[in-house]
Amino acid sequence: MATPNHPGNHDHQSKELPQVLVLEPPPIMKLHGDQFLNDFQLLKAWESPLPLDQFLSIHAQSVKALLTPGRYPLTRNILQLLPSLQLVVTTSAGLNHIDLPEFQRRGIAIASAGDVYSEDVADMAVGLLIDVLRKISAADRYVRKGLWDTKAEFPLGSKLCSKRVGIVGLGSIGQEVAKRLQAFGCRIMYTSRNKKPSVSYPYYSNVLELAADSDVLIICCGLTEQTRHMINKDVMLALGKEGVVINIGRGAIINEKELVQCLVQRELAGAGLDVFENEPHVPRELLTMDNVVLSPHRAVRTPESLTAMCEHVKGNLEAFFSNKPLLSPVMNI
Amino acid sequence: MDSITVLMTSPMSDYLENQLKDRFNLVKLWTYSSKTDFFKHNSHSIRAIVGNTKIGADAELIDSLPELEIVSSYSVGLDKIDLRKCQEKGIRVTNTPDVLTDDVADVAMGLMLAVVRRVCECDRFVRRGLWPKGDFRLTNKFSGMQVGIVGLGRIGSAIAKRAEAFGCPISYYSRSEKPETNYKYFSNIIDLAVNCQILVVACALTEETHHIVNREVIDALGPEGILINIGRGSHIDEPELVSALLEGRLGGAGLDVYENEPEVPEQLFGLENVVLMPHVGSDTVETTDAMADLVIKNLEAHFLKKPLLTPVV
């Protein structure tokens, strides 16, 4: 029997391997190659000269599993071309690229990044907060400009200990942030979709009340219709003139225009941002401010995280194809 | 107490200066153009010195002030005070421990994160408009890195407690082992450097600890190793540190202190694996006020013949 001629299927043997569709290579594949998925037959859509809808119609009708990076929106249109799809494995910590209600309606399981990235993201959140409060990047600029021996005195920073830190979203990442900042003597409070009975931090049912009682807000939640622009001018004014916002979630959780306004008008003391509404574009007002610290969406980019993600993806795919429970299924859509 | 003359050695805090002016007859050393001029007007009236990390109370100054009773330092470090001379002459000495422990430990952690995760470099990358041209590279994971602390005193212990929250295994070298902690003890700094990835200097500067981080220690830490200094510049052999960084024999450094402040070796300015701060470890609004309050309280206690709050001698 002749083997069908399509990408990724070079010999009779690979017909036995379970198929995994990949629309666009996730960062782990770009950096590590795809040997970690040697037990699967990869359908690499981006390598085909065909337009996507044709490729999927011809080659992906019986595909059960899809591996996707964070930046690729999985819309209803794509789903319509994948009638056999039962599983999506995403390498992104965020799920905002997935039409969750549609996936739920079709009964397609989603395997998330789990807590593979949580420590790295938490480290970045804490690093940004210490930098903003103690002015580390600003100090480094000051020294490198040769200003230390001059009349230009370096301004005082603000103490971390006893700061009231409001965590927005107490998932895996939020909990890692809380654990770290407790060791610095910060007082942790949080808001989340649901109260977490296993934690003792004070719970607030809405972000405005949380902001009113906080000195710092750290955005650790996912981007959904409910959280889009949740951090708006009202929240920032409630946080106050000494307030600091740290965002390691998604840019669109904050109303970026209003954030810039508050910073320019000194309604907010500072911000540490790893994410923005229109990456890689950053509002130009921020580029010259001394009280902000900017990072190019790098919170998860460590070799250790990427290696762990390869194992995690492989583990989820193996579990699915051997009818075992997924390592990191997304519930509570 | 405004008949009591207090000498302030350098401009260290406006708040402290005002507090001293309100309570005492304040003399400011830096307002005199010459030493002779200063001594001519004040040597027989000064009963207290308020010094800091720039100018403390050395033998010459102490010897020239026969009425000196107390040195109240606006710092926890005592390396700028001739303690032996003070002891000989029965001069009391106080410092500002505890109130600045958290802030200094926070800067140590901030420097570690900034160097390992390249926070400052990321910020420069964005500000220079490089992000649209391509992503920033990978940086190493911080959580779980082995942290070695030189000096497990108040500040060293505060650093250890914070680093533990990141899952960092803690080891240390100190004058004496601290069995009440479960951190790993090394009896010499070379073994500590060999066995850690981030070496933090957190001990006091004494004759014994001068240049305690030398070429041998830097080599032991190695080309992947990171050195953090929130102690005193002279803990590290600075020329050796600079050449190790320039030659790639050391992975990176986070420095808040230098051998000849405010001079910072300019060869470091072009390096991306280095983070430089201008000795601001305790420089927060909250802590500088608390330090000033402690200086004042110690002086008042002394002149009211009450027990000193934080005596050293």
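Just so we're on the same page: letters track the sequence lines, and every chain starts at 1.
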Handout entry: Side chain, backbone, both or neither of A/Y117 within contact of chain B (heavy atoms, under 4.5 Å)
Key = neither

Handout entry: Structural part of A/V282 lying under 4.5 Å from a heavy atom of chain B
Key = side chain

Minimum side-chain heavy-atom gap [X]-[Y] below 4.5 Å:
| X | Y | value |
| --- | --- | --- |
| A/V143 | B/M277 | no |
| A/L294 | B/C122 | no |
| B/D123 | A/R141 | yes |
| B/V126 | A/S295 | no |

Which one, [options], leads in non-hydrogen pairs under 4.5 Å with chain B?
| options | result |
| --- | --- |
| A/P296, A/P155, A/G157, A/S162 | A/P296 |
| A/A183, A/S158, A/P280 | A/P280 |
| A/L181, A/D123, A/L287, A/D149 | A/D123 |
| A/H281, A/K145, A/E279, A/Q182 | A/E279 |

Let me know if [X] has heavy atoms under 4.5 Å from chain A in its side chain, its backbone, both or neither.
| X | answer |
| --- | --- |
| B/F166 | both |
| B/R124 | side chain |
| B/L130 | neither |
| B/V275 | both |
| B/L100 | neither |

Exercise for the section: Decide whether a cation-pi geometry holds between B/R162 and A/F184; the criteria are a distance under 6.0 Å from NZ or CZ to the six-membered ring centre and an angle within 45° of the ring axis. Expected result: yes

Provide the closest heavy-atom pair for [X] versus [Y] in the form atom of the first, atom of the second, distance.
| X | Y | result |
| --- | --- | --- |
| A/K159 | B/D103 | CG-OD1, 3.2 Å |
| B/L138 | A/R298 | N-NH1, 4.4 Å |
| A/D120 | B/F142 | OD1-N, 4.5 Å |
| A/R144 | B/V274 | NH2-O, 2.6 Å |
| A/I130 | B/L113 | CD1-CD1, 4.2 Å |

Report the distance from atom [atom1] of [X] to atom [atom2] of [Y], rounding to the nearest 0.5 Å.
| X | Y | atom1 | atom2 | value |
| --- | --- | --- | --- | --- |
| B/R127 | A/L286 | CZ | CG | 8.5 Å |
| A/D140 | B/F269 | CG | CZ | 9.5 Å |
| A/I136 | B/L276 | CD1 | CG | 12.0 Å |

Practice task
Considering only heavy atoms and a distance below 4.5 Å, find which of B/D106, B/V119, B/D102 pairs most often with chain A.
Solution key: B/D106

Fill in the blank from the handout: Interface check, chain A: of B/R118, B/E266, B/E164, B/M109, most non-hydrogen pairs under 4.5 Å belong to B/M109

Practice task
Check the pair A/T302, B/R117 against side-chain hydrogen bond (donor to acceptor under 3.5 Å, both in side chains), reporting the backbone distance first and the verdict last.
Solution key: CA-CA 9 Å; A/T302 66; B/R117 296 302 304 272; over 6 Å; no

Practice task
Answer yes or no: does atom NZ of B/K178 have more than 12 heavy-atom neighbours from other residues, nucleotides or ligands under 6.0 Å?
Solution key: yes

Problem - More than 12 heavy atoms from other groups under 6.0 Å of CD on A/E242 - result: no

Practice task
May I ask you to list the residues in residues 285-297 of chain B that approach chain A closer than 4.5 angstrom, counting heavy atoms only, ordered by number?
Solution key: B/V285, B/E286, B/T287, B/T288

Handout entry: Carboxylate-amine/guanidinium contact A/R134 B/D283, below 4.0 Å
Key = no

Exercise for the section: Using a strict 4.0 Å threshold on nitrogen-to-oxygen distance, state whether A/R301 and B/D135 make a salt bridge. Expected result: no

Handout entry: Positive for side chain to side chain donor-acceptor pair (under 3.5 Å) with B/S143, one of A/R180, A/E176, A/E304
Key = A/R180

